[in-house]
Number of protein chains: 2
Amino acid sequence: MKNSRQNTAAQILESLTNDIIQGEYSPRQKLHIKTLKDRYNVGTSPLREALSQLIAKDLVISENQRGFYVSDISIEDLTDIYQARAKIESLCIEMAIEKGDDFWEANLIAASHRLNKYSKLDEIEMGEWQIRHAAFHEALVVGCMSPRLFQIRDSLFEKSTRYRNLWLRENVTNTAALKINQNEHAALLILALERDKKAAKKLIEAHIMTPVEIIKKSLSQL
Amino acid sequence: MKNSRQNTAAQILESLTNDIIQGEYSPRQKLHIKTLKDRYNVGTSPLREALSQLIAKDLVISENQRGFYVSDISIEDLTDIYQARAKIESLCIEMAIEKGDDFWEANLIAASHRLNKYSKLDEIEMGEWQIRHAAFHEALVVGCMSPRLFQIRDSLFEKSTRYRNLWLRENVTNTAALKINQNEHAALLILALERDKKAAKKLIEAHIMTPVEIIKKSLSQL
DNA sequence: TAATGTAAAAATGTCGACATTTTAAAATTT
DNA sequence: AAATTTTAAAATGTCGACATTTTTACATTA
């Protein structure tokens, strides 16, 4: 395993990022250097370099001489992140509708079909559903053609993951919520193909904000 | 100097960030560990931790076993960053116009006045002008009340600094360009106070995109 | 001379050690 | 017993050293 293209710091960064956004470590949890070294079998330097990158990504905070902590979550932060996500997604879709070509349309229809078929199954495996769901939304915005806006979109999506998982726990069996979701996706597809920017923007913003109230409840029960 | 509230890594991060966006190091320049250690008088660990954060901020890139480099600039990146900045700024202003109160208005008028007075002087010191200019634009968007959107705005502004400095070199004596700029600021103030979202958005996007063509020329001559 | 191969030099990434600070526990005082 | 001080333990941040890889300089061959 010596000839891996990534250095140790980059590898740990992946693991740590995942473990934090998937809730392996809780918000505000202390991240002891010693413990992490043992867990990931690495030395001090690459570990601290990975943590440094997580600081820049706002997933970890550090206090001088007091170590590293998983960054906190809160209702204010939840609202702000989802609001920002909604606006950015809306922006991307607007630009995609302006610039999207036949291939964008075709790809979007295909992604919609894949999500639809899977959503109608009796037994839905949440991992696969999330993949197809994310793929549909990406197909919508991919026409916007801005690397920076995509990067911002991705980073906000990543930050929202810890909150989204609270929603998924509530709705893994809630088929009614999934149904509404499905209808919204169908409407989004139509509006995009009709190039109705205004309506598409309005709908996507509402679509992204939908889970916020439910997550608020889960959060306040914590 | 032992009891400074920041650790070494955080201090170097500030210096490095500044030195990169102010052009002390050029795009694609190799950042030798040894050289940097000597220059900033620090050890390997905090230096690499600072560089790790700069990687997350896209100001530095690294290749395994080949070290660190200042990230490149290009016409494509210039356009993308300014386009993204324009859209984000537009978004913030839209939200600010929706939510802004009397204090937002008052503060905006004050900031406009400070910029105006300074712009009319015979001898303009560019550093002070930049401060007042940035303050005016911040006063415009501050009503939007979203920490995350501000953070995105700031990070895009920081990324655009290397390009902006190219513009400033061209226009430090170009009073005609500054005049147009001044008129646009006056118009922005009026539109904001009139709560004319649509016109304000359109103008701010054009305003931010204005320097792009000039910078393109400077870039292609490099 | 150009191309290829080899040896030396330089640079990177990782580790363990150490001084300093923080935290926890024990002892002392009020 | 509660509050404060003292002492011990644990954890952090920084450094220099070292193995490994890359780069450069030089020599060999076609």
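Since we're looking at a predicted model, the values are computed, not measured. Below, read A as the first sequence line, B as the second, and so on, with proteins coming before strands; counting in each chain starts at 1.
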- For A:Ile215 and A:Tyr163, work out which heavy atoms get closest and say how close. CD1-O, 3.6 Å

- Rounded to the nearest angstrom, tell me the gap between atom CG in B:Asn64 and atom P in C:dA11. 18 Å

- Note on the structure: Hits for ring pair (Phe, Tyr, Trp, His ring centres under 6.0 Å) against A:Phe150, two or more places apart or cross-chain, chain-then-number order -> none

- Identify, between A:Arg66 and A:Ala9, the residue whose nearest nucleotide on DNA chain C lies closer to the 5' end. A:Ala9

- Would you mind reading off the distance between A:Lys37 atom NZ and C:dC15 atom P, rounded to a whole angstrom? 9 Å

- Residues A:Asp80 and A:Arg85 bridged, charged N to O under 4.0 Å: no

- Query: What residues in residues 44-61 of chain A put a non-hydrogen atom under 4.0 Å from any atom of DNA chain C?
  - Reply: A:Ser45, A:Pro46

- Taking the nucleotide of DNA chain C with the closest heavy atom to each, which residue, A:Tyr69 or B:Glu63, is nearer the 5' end? B:Glu63

- Euclidean distance, atom CG of residue A:Asp38 to atom C1' of C:dC15 [Å, nearest integer]: 14 Å

- Item | Minimal non-hydrogen separation, A:Gln53 against B:Ser52, with atom names | CG-O, 3.3 Å

- NZ of A:Lys34 versus P of D:dG13: gap in Å, rounded? 16 Å

- Give the nucleotide from the list C:dG13, C:dA11, D:dT12 with an atom nearest to the side chain of B:His32. C:dA11

- Can you see which heavy atom on B:Tyr82 is nearest to which on B:Pro211, and at what distance? CE2-CG, 4.5 Å

- Round to a whole Å and report the spacing from CD1 of B:Ile12 to C1' of D:dT14. 10 Å

- Distance in angstrom units between B:Gln65 CD and C:dT12 P, rounded: 10 Å

- Query: Roughly how many Å is it from CD1 in B:Ile33 to C1' in C:dT14, rounded to a whole number?
  - Reply: 12 Å

- Message: Rounding to an integer number of Å, can you tell me how far A:Asn7 CG sits from D:dT22 P?
- Response: 12 Å

- Message: Any base atoms under 4.0 Å from A:Lys30, or only sugar-phosphate, or nothing? Heavy atoms, all strands.
- Response: sugar-phosphate

- Query: Between A:Phe157 and A:Arg164, is there a cation-pi geometry (under 6.0 Å to ring centre, at most 45° from the normal)?
  - Reply: yes

- Message: Looking at every heavy atom in both B:Lys201 and B:Glu94, which two are closest together, and how far apart are they?
- Response: NZ-OE1, 3.0 Å

